[in-house]
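Here the structure is a predicted model, which is why all the values come from computation and not from measurement.
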Amino acid sequence: MSNGIRPSGAGHVSTPSTTAVENKIKPEKTTPAKQQSETTESNGTARSNANAMRGDLGFSGQINQMVLENAVLQADADPNAANNLRVNTLPPQLEKANVPKNVREDLLKQMSGKSGPELKQLLDKTDKALASKDPAGEVKSVVLQGKVDAYMDSFNSTYEIGGKKVEATPHFRMTDGASGPAGRKETSQVRADLQKLIEKHDKGKPKDQQLWNKEMHDAVRFTAAGKPSADQVKMVTDALIKSGEFEKAKAKHPGLSDSETIRMMQWNHGIGIDCAGYVSQAFVEVHGATRGKFKLQSVSDENLMYLKGNPNFTQVKPADVRPGDLIALDPPTKGDVGHTALVRDHHIATTAEQNGLTDLGAQKFSKDGDKIHVYEVDASWSAGPDGSLKGGLVRKTWLFNEDTGKWALTRPDGKGGLEINTSSMNGPYHHPMNGIFRPKRE
């Protein structure tokens, strides 16, 4: 995940025009000799490609033949120019497929921020969506997936350690005793500890170098409760680094990378984010609304276990899941807590993917011919009593066997496949299924 990507706000954002998108990618300059050689060798192919393109897209009489041929020639020699040409020809295809205007604008905006292989990958996904039975719905899924990625990227903050730039995502934090070391489990303990550390750093420093202020107070409050924004996690973590806590964590956890040490430093001080804290904020951002619009609880009180009775949501079957849907799981036993995750991707497992599945334990998850659904989901996961680095904000893969109704957790097997652990409940992650939810307005 790359740093610096921040989700857009609720206000109006102007969408770049097609011209702006096409200017984003600059084709490589071609020398006259090289161009003449390529033209001589490829003229027949270029004319054939141009004619086919014009026929496929219904552009007859709209695009000058010579201009199109030159564009195809340039695209053959330059991958960036090929991407550029594909972006230029995309708007009428989207309109013809009845993709809503706001979705078209969101897609072009996402493309304007990419280049090279990343742009090609997004274009390939869009082409596949346009060729599906439901092009408008599938293109919307492509856009929602991009928004899910962007929001998760926004939590991968960059910190300065000894003159180096180090990226790290938040560790896990659940309020009041569910995570953190002894003496820093309760929210009040965590808040008091952080305030004391930061004020100690500030002592004797000029006002403009002090860290404690109202903004930091709010960041500490939400972070200690496991419900911070990306900026609040970064603000508190930066304060710990500036207060000398990174060096202490390095000594306490030798052998870890700088990124892992940052996360263990967060755990040591009881800061991070829980599943509902991340998923509820991500859900609102991805769907471009407000908490009030969805009638969600406040961030500090949210657990997402009540959506069945919320009139702004509709339940979705596992086979119909798409990016941006929210999965809520009930507590497995009395006294436990539930779990929530945001869907990043859903597809049917290919034969190759099914062949790469290795069962763990005696309970076999699937047999040949079963229809297996694959879900990529984002959440903040429990870190156990000692702050396992497998916890915190992570993207994981779940499986659902449509023929048997079984769910499974997965982990990489080190050979390019997945080890699967069949869930002991009627939902993934060894939890009972509460429901899969999507905004009704969609």
Side-chain angles (χ1 to χ4, degrees), residues 1-7 152-175 179-274 277-278 281 299-300 380 383 386-387 389 391-393:
M1 295 182 289
S2 60
N3 181 60
I5 303 177
R6 289 291 183 267
M152 192 173 193
D153 283 344
S154 75
F155 274 80
N156 190 36
S157 298
T158 298
Y159 301 97
E160 187 165 326
I161 304 292
K164 296 186 301 181
K165 303 291 185 182
V166 180
E167 293 184 350
T169 53
H171 213 315
F172 181 75
R173 168 67 187 167
M174 182 175 284
T175 187
S179 62
R184 288 168 174 160
K185 288 183 178 291
E186 304 298 326
T187 300
S188 58
Q189 294 172 326
V190 173
R191 291 174 65 175
D193 169 67
L194 291 171
Q195 183 171 350
K196 182 179 178 181
L197 277 169
I198 297 170
E199 289 181 338
K200 181 179 178 181
H201 166 274
D202 289 349
K203 190 173 182 180
K205 287 185 172 60
K207 189 72 173 176
D208 60 353
Q209 294 180 26
Q210 293 179 9
L211 302 176
W212 189 261
N213 53 31
K214 183 183 184 305
E215 193 175 15
M216 182 65 77
H217 175 274
D218 291 341
V220 164
R221 180 166 65 91
F222 281 100
T223 305
K227 301 293 195 296
S229 67
D231 288 338
Q232 288 172 333
V233 173
K234 177 170 170 53
M235 182 180 294
V236 177
T237 304
D238 271 331
L240 288 177
I241 293 171
K242 291 174 181 177
S243 300
E245 295 303 308
F246 176 85
E247 286 76 14
K248 293 178 183 178
K250 197 74 174 173
K252 186 176 181 179
H253 306 283
L256 297 183
S257 69
D258 286 347
S259 179
E260 292 169 334
T261 302
I262 288 172
R263 299 184 72 228
M264 288 310 301
M265 177 189 69
Q266 292 174 334
W267 176 265
N268 292 341
H269 290 276
I271 69 172
I273 193 166
D274 66 17
Y278 178 77
Q281 293 182 80
V299 175
S300 57
S380 188
D386 301 316
L389 289 169
L393 183 55

Enquirer: If we only count heavy atoms from C-beta on, is the Ile241 to Met265 side-chain gap below 4.5 Å?
Expert: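 Heavy-atom side-chain distance check passes, below 4.5 Å.
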
Enquirer: More than 12 non-hydrogen atoms from neighbouring residues, nucleotides or ligands closer than 6.0 Å to NZ on Lys203, yes or no?
Expert: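 Check fails, neighbour count at 12 or below.
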
Enquirer: Tell me if a side-chain donor or acceptor on Ser259 pairs with a main-chain N or O of Glu167 at a distance below 3.5 Å.
Expert: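 Answer holds: yes.
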
Enquirer: Are the side chains of Trp212 and Val220 in contact, using a 4.5 Å heavy-atom criterion?
Expert: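 They are in contact (side-chain heavy atoms under 4.5 Å apart), so the answer is yes.
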
Enquirer: Are Ile161 and Thr261 close enough that some pair of their side-chain heavy atoms sits under 4.5 Å apart?
Expert: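 Not touching, per the 4.5 Å side-chain cut-off.
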
Enquirer: Report yes or no: does Gln189 contribute a side-chain atom to a donor-acceptor pair with the main-chain N or O of Glu186 at less than 3.5 Å?
Expert: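 It does hold such a pair.
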
Enquirer: Within the 4.5 Å heavy-atom criterion, are Val190 and His269 side-chain neighbours or not?
Expert: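 Answer no - side chains too far apart.
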
Enquirer: Could you tell me whether the side chain of Leu389 reaches within less than 4.5 Å of the side chain of Leu256, counting heavy atoms only?
Expert: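 Yes. Closest side-chain heavy atoms under 4.5 Å.
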
Enquirer: Restricting to side chain to side chain donor-acceptor pair (under 3.5 Å), what partner residues turn up for Gln210, sequence neighbours left out?
Expert: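 Testing Gln210 for side chain to side chain donor-acceptor pair (under 3.5 Å), a comparison that skips the adjacent residues, returns none.
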
Enquirer: If you count every heavy atom of other residues, nucleotides or ligands that lies below 6.0 Å from Glu215 atom CD, does the total exceed 12?
Expert: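 Check fails, neighbour count at 12 or below.
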
Enquirer: What residues form a salt bridge (charged side-chain N to carboxylate O under 4.0 Å, His left out) with Lys207, not counting sequence neighbours?
Expert: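 Once residues adjacent in sequence are excluded, Lys207 has no partner under the salt bridge (charged side-chain N to carboxylate O under 4.0 Å, His left out) criterion.
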
Enquirer: Less than 4.5 Å apart, any side-chain heavy atom of Leu240 and any of Ile271?
Expert: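 The answer is yes, as the side chains (C-beta and beyond) meet within the 4.5 Å cut-off.
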
Enquirer: Give, for atom OG of Ser229 and atom CE of Met235, the distance between the pair rounded to the nearest 0.5 Å.
Expert: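 Reported value, rounded in 0.5 Å steps: 8.0 Å.
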
Enquirer: So that I can tick it off, tell me whether Lys248 and Glu245 are bridged by a salt bridge, with the cut-off set at under 4.0 angstrom between side-chain N and carboxylate O.
Expert: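 Yes, this pair counts.
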
Enquirer: Taking Ile273's backbone N and O only, do any of them form a donor-acceptor pair with Ser380's side chain (distance below 3.5 Å, no angle check)?
Expert: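 Confirmed, Ser380 side chain pairs with Ile273 backbone.
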
Enquirer: Could you list all the ring-ring contact (aromatic ring centres under 6.0 Å, His included) pairs where at least one residue sits in residues 220-255, not counting sequence neighbours?
Expert: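 Residue pairs passing ring-ring contact (aromatic ring centres under 6.0 Å, His included), neighbours aside: none found.
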
Enquirer: Can Thr237 and Gln266 be counted as having a side-chain donor-acceptor contact under 3.5 angstrom?
Expert: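 Indeed, the side chains of Thr237 and Gln266 share at least one donor-acceptor pair under 3.5 Å.
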
Enquirer: Are the side chain of Lys227 and the backbone N or O of Gly277 linked by a donor-acceptor pair below 3.5 Å?
Expert: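 Side chain of Lys227 to backbone of Gly277, a donor-acceptor pair under 3.5 Å: no, none is there.
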
